[in-house]
Amino acid sequence: MASIGGFYWGFSGLLAWGIADYLARASSRRIGSVSTTLLTQLIGLALPLAFVAFEAATGRLSVDVPGLILWAPLTGAALGFGYLVYYTGLARGAVTVVSSAASAWLAITVLIAVALFGESVGAGQLALMAGVLLGILLLSAGPLTGSEVSSGLPWGLATMLSIGVAMALFDHATAAAGPMLAVLVVRAISAIPPSAFALARRMPIRRPQDSNGWALLAAIGVVDAAGYVGYNLGVASAPVSLVAPIAAAHPLVTIALAVGINRERPRITQWAGASLIIAATITLSVFAS
(Lines give C-alpha, C1' and ligand atoms only; values in the text may rest on other atoms or scores of the structure.)
Protein backbone atom coordinates (compact mmCIF):
# COMPACT_ATOMS: atom_id res chain seq x y z
CA MET A 1 0.00 0.00 0.00
CA ALA A 2 2.88 2.36 0.74
CA SER A 3 4.23 1.78 -2.78
CA ILE A 4 0.84 2.60 -4.29
CA GLY A 5 0.65 5.78 -2.24
CA GLY A 6 4.19 6.71 -3.25
CA PHE A 7 3.32 6.19 -6.90
CA TYR A 8 0.28 8.44 -6.74
CA TRP A 9 2.11 11.18 -4.82
CA GLY A 10 5.04 11.02 -7.24
CA PHE A 11 2.65 11.18 -10.18
CA SER A 12 0.89 14.17 -8.60
CA GLY A 13 4.27 15.91 -8.41
CA LEU A 14 4.90 15.11 -12.07
CA LEU A 15 1.58 16.61 -13.16
CA ALA A 16 1.77 19.62 -10.85
CA TRP A 17 5.29 20.70 -11.80
CA GLY A 18 4.71 20.04 -15.50
CA ILE A 19 1.51 22.08 -15.62
CA ALA A 20 2.92 24.90 -13.47
CA ASP A 21 5.94 25.27 -15.75
CA TYR A 22 3.76 25.50 -18.82
CA LEU A 23 1.45 28.10 -17.23
CA ALA A 24 4.48 30.12 -16.10
CA ARG A 25 5.39 30.67 -19.75
CA ALA A 26 2.07 32.38 -20.41
CA SER A 27 2.29 34.55 -17.29
CA SER A 28 5.92 35.51 -17.95
CA ARG A 29 4.97 36.71 -21.41
CA ARG A 30 2.12 38.77 -19.95
CA ILE A 31 3.73 40.51 -16.97
CA GLY A 32 7.40 39.49 -17.21
CA SER A 33 9.43 36.75 -15.59
CA VAL A 34 10.48 38.83 -12.55
CA SER A 35 6.91 39.68 -11.58
CA THR A 36 5.74 36.12 -12.27
CA THR A 37 8.50 34.61 -10.15
CA LEU A 38 7.91 36.93 -7.18
CA LEU A 39 4.13 36.78 -7.14
CA THR A 40 3.85 33.03 -7.68
CA GLN A 41 6.39 32.31 -4.95
CA LEU A 42 4.37 34.43 -2.52
CA ILE A 43 1.02 32.95 -3.56
CA GLY A 44 2.49 29.45 -3.31
CA LEU A 45 3.15 29.92 0.41
CA ALA A 46 -0.53 29.35 1.19
CA LEU A 47 -0.44 25.57 0.70
CA PRO A 48 2.60 24.66 2.85
CA LEU A 49 1.46 27.22 5.44
CA ALA A 50 -1.77 25.26 5.90
CA PHE A 51 0.21 22.05 6.49
CA VAL A 52 2.59 23.75 8.93
CA ALA A 53 -0.33 25.26 10.87
CA PHE A 54 -1.86 21.79 11.20
CA GLU A 55 1.44 20.30 12.37
CA ALA A 56 1.84 23.07 14.95
CA ALA A 57 -1.73 22.63 16.20
CA THR A 58 -1.28 18.88 16.62
CA GLY A 59 2.14 19.13 18.26
CA ARG A 60 3.97 17.45 15.38
CA LEU A 61 6.28 20.35 14.61
CA SER A 62 9.93 19.74 15.47
CA VAL A 63 12.63 22.17 14.37
CA ASP A 64 16.42 22.24 14.57
CA VAL A 65 16.64 26.05 14.55
CA PRO A 66 20.44 26.36 13.98
CA GLY A 67 20.25 23.88 11.11
CA LEU A 68 17.32 25.69 9.54
CA ILE A 69 19.08 29.05 9.87
CA LEU A 70 22.14 27.59 8.16
CA TRP A 71 20.55 25.79 5.21
CA ALA A 72 17.28 27.58 4.44
CA PRO A 73 18.78 30.93 3.26
CA LEU A 74 21.26 29.21 0.93
CA THR A 75 18.58 26.91 -0.45
CA GLY A 76 16.03 29.69 -0.87
CA ALA A 77 18.48 32.00 -2.64
CA ALA A 78 19.48 29.33 -5.15
CA LEU A 79 15.87 28.28 -5.68
CA GLY A 80 14.66 31.85 -6.23
CA PHE A 81 17.39 32.58 -8.76
CA GLY A 82 16.66 29.27 -10.50
CA TYR A 83 12.98 30.09 -10.90
CA LEU A 84 13.82 33.57 -12.16
CA VAL A 85 16.07 32.35 -14.96
CA TYR A 86 13.75 29.42 -15.72
CA TYR A 87 10.67 31.57 -16.21
CA THR A 88 12.72 34.00 -18.30
CA GLY A 89 13.85 31.10 -20.50
CA LEU A 90 10.30 29.76 -20.88
CA ALA A 91 9.13 33.21 -22.00
CA ARG A 92 11.97 33.84 -24.46
CA GLY A 93 12.94 30.41 -25.72
CA ALA A 94 11.49 27.07 -26.72
CA VAL A 95 9.76 25.17 -23.92
CA THR A 96 11.04 21.87 -25.31
CA VAL A 97 14.66 22.96 -25.05
CA VAL A 98 14.53 25.04 -21.85
CA SER A 99 12.49 22.52 -19.85
CA SER A 100 14.61 19.56 -20.97
CA ALA A 101 17.90 21.25 -20.12
CA ALA A 102 16.56 22.45 -16.77
CA SER A 103 15.41 18.93 -15.88
CA ALA A 104 19.07 17.84 -15.72
CA TRP A 105 19.42 19.61 -12.34
CA LEU A 106 19.66 16.19 -10.71
CA ALA A 107 23.08 15.65 -12.28
CA ILE A 108 24.30 18.85 -10.60
CA THR A 109 22.75 17.75 -7.30
CA VAL A 110 24.62 14.44 -7.48
CA LEU A 111 27.92 16.16 -8.29
CA ILE A 112 27.53 18.53 -5.34
CA ALA A 113 26.65 15.66 -3.02
CA VAL A 114 29.86 13.94 -4.09
CA ALA A 115 32.11 17.00 -3.98
CA LEU A 116 30.83 18.66 -0.80
CA PHE A 117 29.03 16.05 1.26
CA GLY A 118 31.26 13.02 0.76
CA GLU A 119 28.83 10.83 -1.15
CA SER A 120 30.20 8.34 -3.66
CA VAL A 121 29.43 8.05 -7.35
CA GLY A 122 29.58 4.89 -9.41
CA ALA A 123 30.37 4.17 -13.04
CA GLY A 124 26.69 3.95 -13.87
CA GLN A 125 26.00 7.43 -12.50
CA LEU A 126 28.96 8.85 -14.41
CA ALA A 127 27.69 7.26 -17.62
CA LEU A 128 24.24 8.75 -17.10
CA MET A 129 25.67 12.21 -16.44
CA ALA A 130 27.66 11.85 -19.66
CA GLY A 131 24.34 11.07 -21.35
CA VAL A 132 22.91 14.29 -19.94
CA LEU A 133 25.87 16.22 -21.34
CA LEU A 134 25.37 14.64 -24.77
CA GLY A 135 21.68 15.52 -24.64
CA ILE A 136 22.55 19.15 -23.90
CA LEU A 137 24.85 19.24 -26.91
CA LEU A 138 22.03 17.90 -29.10
CA LEU A 139 19.65 20.54 -27.73
CA SER A 140 22.03 23.26 -28.91
CA ALA A 141 21.24 22.43 -32.54
CA GLY A 142 19.73 25.89 -33.10
CA PRO A 143 16.28 27.44 -33.46
CA LEU A 144 13.20 25.32 -33.88
CA THR A 145 12.21 24.22 -37.36
CA GLY A 146 10.28 26.97 -39.12
CA SER A 147 10.66 29.36 -36.18
CA GLU A 148 12.66 32.48 -35.45
CA VAL A 149 12.48 31.77 -31.72
CA SER A 150 15.86 31.02 -30.16
CA SER A 151 16.27 27.73 -28.39
CA GLY A 152 16.72 29.32 -24.95
CA LEU A 153 19.39 26.76 -24.07
CA PRO A 154 21.51 29.18 -21.95
CA TRP A 155 18.50 29.85 -19.73
CA GLY A 156 17.87 26.13 -19.36
CA LEU A 157 21.50 25.52 -18.40
CA ALA A 158 21.45 28.36 -15.84
CA THR A 159 18.29 26.83 -14.37
CA MET A 160 19.94 23.41 -14.27
CA LEU A 161 22.85 24.80 -12.23
CA SER A 162 20.73 26.89 -9.84
CA ILE A 163 18.04 24.31 -9.14
CA GLY A 164 20.73 21.62 -8.86
CA VAL A 165 22.40 23.60 -6.08
CA ALA A 166 19.06 24.29 -4.38
CA MET A 167 17.98 20.65 -4.37
CA ALA A 168 21.39 19.53 -3.10
CA LEU A 169 20.87 21.79 -0.07
CA PHE A 170 17.13 21.18 0.31
CA ASP A 171 17.68 17.81 1.98
CA HIS A 172 19.58 19.52 4.79
CA ALA A 173 16.84 22.11 5.32
CA THR A 174 14.27 19.30 5.37
CA ALA A 175 16.30 17.33 7.90
CA ALA A 176 16.35 20.41 10.14
CA ALA A 177 12.69 21.40 9.94
CA GLY A 178 10.68 18.59 8.36
CA PRO A 179 9.31 18.57 4.82
CA MET A 180 6.48 21.09 5.15
CA LEU A 181 8.18 23.77 7.25
CA ALA A 182 11.27 23.48 5.04
CA VAL A 183 9.15 24.09 1.91
CA LEU A 184 7.44 27.06 3.58
CA VAL A 185 10.63 28.76 4.77
CA VAL A 186 12.68 28.05 1.65
CA ARG A 187 9.96 29.26 -0.70
CA ALA A 188 9.50 32.42 1.39
CA ILE A 189 13.22 33.15 1.08
CA SER A 190 13.11 32.35 -2.64
CA ALA A 191 11.05 35.52 -3.14
CA ILE A 192 14.11 37.61 -2.21
CA PRO A 193 16.19 37.16 -5.44
CA PRO A 194 13.46 38.43 -7.81
CA SER A 195 12.72 41.27 -5.37
CA ALA A 196 16.40 42.23 -5.21
CA PHE A 197 16.71 42.03 -9.00
CA ALA A 198 13.68 44.28 -9.47
CA LEU A 199 15.06 46.82 -7.00
CA ALA A 200 18.52 46.79 -8.57
CA ARG A 201 17.10 47.32 -12.06
CA ARG A 202 14.41 49.71 -10.80
CA MET A 203 11.79 47.50 -12.38
CA PRO A 204 8.20 47.86 -11.18
CA ILE A 205 6.41 44.69 -10.16
CA ARG A 206 3.74 44.34 -12.80
CA ARG A 207 0.41 42.97 -11.68
CA PRO A 208 -2.27 41.38 -13.87
CA GLN A 209 -4.85 43.78 -15.24
CA ASP A 210 -7.77 41.38 -15.10
CA SER A 211 -9.15 38.44 -13.14
CA ASN A 212 -7.85 35.96 -15.71
CA GLY A 213 -4.29 37.12 -15.08
CA TRP A 214 -4.68 36.78 -11.32
CA ALA A 215 -6.25 33.35 -11.76
CA LEU A 216 -3.26 32.31 -13.86
CA LEU A 217 -0.81 33.50 -11.18
CA ALA A 218 -2.78 31.77 -8.44
CA ALA A 219 -2.83 28.54 -10.43
CA ILE A 220 0.95 28.63 -10.95
CA GLY A 221 1.69 29.38 -7.30
CA VAL A 222 -0.64 26.77 -5.84
CA VAL A 223 0.06 24.03 -8.40
CA ASP A 224 3.85 24.48 -8.17
CA ALA A 225 3.69 24.34 -4.36
CA ALA A 226 1.46 21.27 -4.65
CA GLY A 227 4.27 19.58 -6.57
CA TYR A 228 6.63 20.04 -3.62
CA VAL A 229 3.98 18.90 -1.14
CA GLY A 230 3.13 15.84 -3.23
CA TYR A 231 6.78 14.92 -3.63
CA ASN A 232 7.50 15.27 0.09
CA LEU A 233 4.40 13.28 1.05
CA GLY A 234 5.46 10.62 -1.43
CA VAL A 235 8.95 10.18 -0.01
CA ALA A 236 7.44 10.13 3.49
CA SER A 237 5.27 7.11 2.60
CA ALA A 238 7.41 5.23 0.07
CA PRO A 239 11.05 4.82 -0.97
CA VAL A 240 12.62 7.80 -2.73
CA SER A 241 13.72 5.35 -5.43
CA LEU A 242 10.04 4.96 -6.35
CA VAL A 243 8.90 8.57 -6.08
CA ALA A 244 11.88 10.46 -7.53
CA PRO A 245 11.97 8.82 -10.99
CA ILE A 246 8.26 9.56 -11.46
CA ALA A 247 8.46 13.18 -10.37
CA ALA A 248 11.66 13.72 -12.37
CA ALA A 249 9.69 13.15 -15.58
CA HIS A 250 7.65 16.36 -15.15
CA PRO A 251 9.18 18.01 -18.29
CA LEU A 252 7.25 15.45 -20.32
CA VAL A 253 4.02 17.20 -19.32
CA THR A 254 5.42 20.66 -20.07
CA ILE A 255 6.76 19.59 -23.45
CA ALA A 256 3.53 17.79 -24.39
CA LEU A 257 1.53 20.95 -23.67
CA ALA A 258 3.97 23.14 -25.61
CA VAL A 259 3.92 20.85 -28.64
CA GLY A 260 0.17 20.24 -28.53
CA ILE A 261 -1.02 23.77 -27.76
CA ASN A 262 1.76 26.11 -28.90
CA ARG A 263 2.72 23.96 -31.89
CA GLU A 264 6.42 23.98 -31.12
CA ARG A 265 8.35 21.98 -33.68
CA PRO A 266 11.78 20.93 -32.39
CA ARG A 267 14.40 19.60 -34.77
CA ILE A 268 15.05 15.86 -34.78
CA THR A 269 18.34 16.39 -32.95
CA GLN A 270 16.55 18.46 -30.31
CA TRP A 271 13.94 15.74 -29.85
CA ALA A 272 16.79 13.27 -29.41
CA GLY A 273 18.52 15.55 -26.90
CA ALA A 274 15.33 16.12 -24.90
CA SER A 275 14.57 12.40 -24.81
CA LEU A 276 18.13 11.52 -23.80
CA ILE A 277 18.22 14.10 -20.98
CA ILE A 278 14.86 13.10 -19.52
CA ALA A 279 15.59 9.36 -19.75
CA ALA A 280 19.05 9.79 -18.19
CA THR A 281 17.65 12.02 -15.44
CA ILE A 282 14.90 9.57 -14.52
CA THR A 283 17.41 6.70 -14.40
CA LEU A 284 19.90 8.82 -12.48
CA SER A 285 17.28 9.56 -9.86
CA VAL A 286 17.08 5.81 -9.15
CA PHE A 287 20.87 5.65 -8.64
CA ALA A 288 20.84 8.84 -6.56
CA SER A 289 18.15 7.43 -4.30
Side-chain angles (χ1 to χ4, degrees), residues 2 5-14 16-17 20 41 44-83 103 105-119 161-193 221-248 250 281 284-289:
F7 171 81
Y8 284 119
W9 284 122
F11 190 73
S12 72
L14 176 150
W17 281 333
Q41 292 302 301
L45 296 177
L47 192 60
L49 179 60
F51 279 94
V52 171
F54 174 77
E55 289 179 342
T58 56
R60 300 178 183 178
L61 203 59
S62 178
V63 186
D64 171 16
V65 175
L68 185 63
I69 292 175
L70 172 63
W71 296 111
L74 297 173
T75 307
L79 190 68
F81 181 77
Y83 270 90
S103 72
W105 58 260
L106 185 62
I108 303 301
T109 299
V110 171
L111 289 175
I112 292 173
V114 172
L116 298 182
F117 302 119
E119 296 187 17
L161 293 172
S162 301
I163 299 298
V165 171
M167 298 308 287
L169 303 177
F170 217 128
D171 284 346
H172 299 276
T174 300
M180 297 306 160
L181 182 58
V183 169
L184 177 64
V185 175
V186 167
R187 285 181 67 92
I189 295 173
S190 71
I192 295 176
V222 173
V223 173
D224 185 59
Y228 284 93
V229 171
Y231 178 82
N232 283 335
L233 289 175
V235 297
S237 62
V240 178
S241 58
L242 171 66
V243 180
I246 300 171
H250 66 86
T281 299
L284 182 61
S285 66
V286 176
F287 280 92
S289 301

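One finds the CH2 atom of Trp105 at 11.0 Å from the CD1 atom of Ile112 (value rounded to the nearest 0.5 Å). To the nearest 0.5 Å, atom CG of residue Leu79 and atom CG of residue Leu169 are 10.5 Å apart.
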I'd like a table of donor-acceptor pairs (distance under 3.5 Å, sequence neighbours excluded) in which one partner is a side-chain atom from residues 57-78, with atom names and distances.
unit_1	atom_1	unit_2	atom_2	d
Thr58	OG1	Phe54	O	2.8
Thr58	OG1	Glu55	O	3.3
Asp64	OD1	Gly67	N	3.4
Thr75	OG1	Trp71	O	2.8

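Nearest heavy atoms, Ala173 versus Val186: CB-CG2, 4.3 Å. Across all non-hydrogen atoms, the minimal contact from Ala177 to Ala182 is CB-N, 4.1 Å. For His250 against Leu14, the heavy-atom pair with the smallest separation is CB-O, 3.4 Å. Closest of all the heavy-atom pairs between Pro48 and Ala225 is CD-CB, 4.2 Å.
Considering only residues two or more places apart in sequence or on other chains, Ser190 meets the side-chain hydrogen bond (donor to acceptor under 3.5 Å, both in side chains) condition with Gln41. By the side-chain hydrogen bond (donor to acceptor under 3.5 Å, both in side chains) test, Tyr228 pairs with Tyr83, sequence neighbours left out.
Proximity of Leu181 to Leu184: side-chain heavy atoms (C-beta onward) are separated by under 4.5 Å at one or more points.
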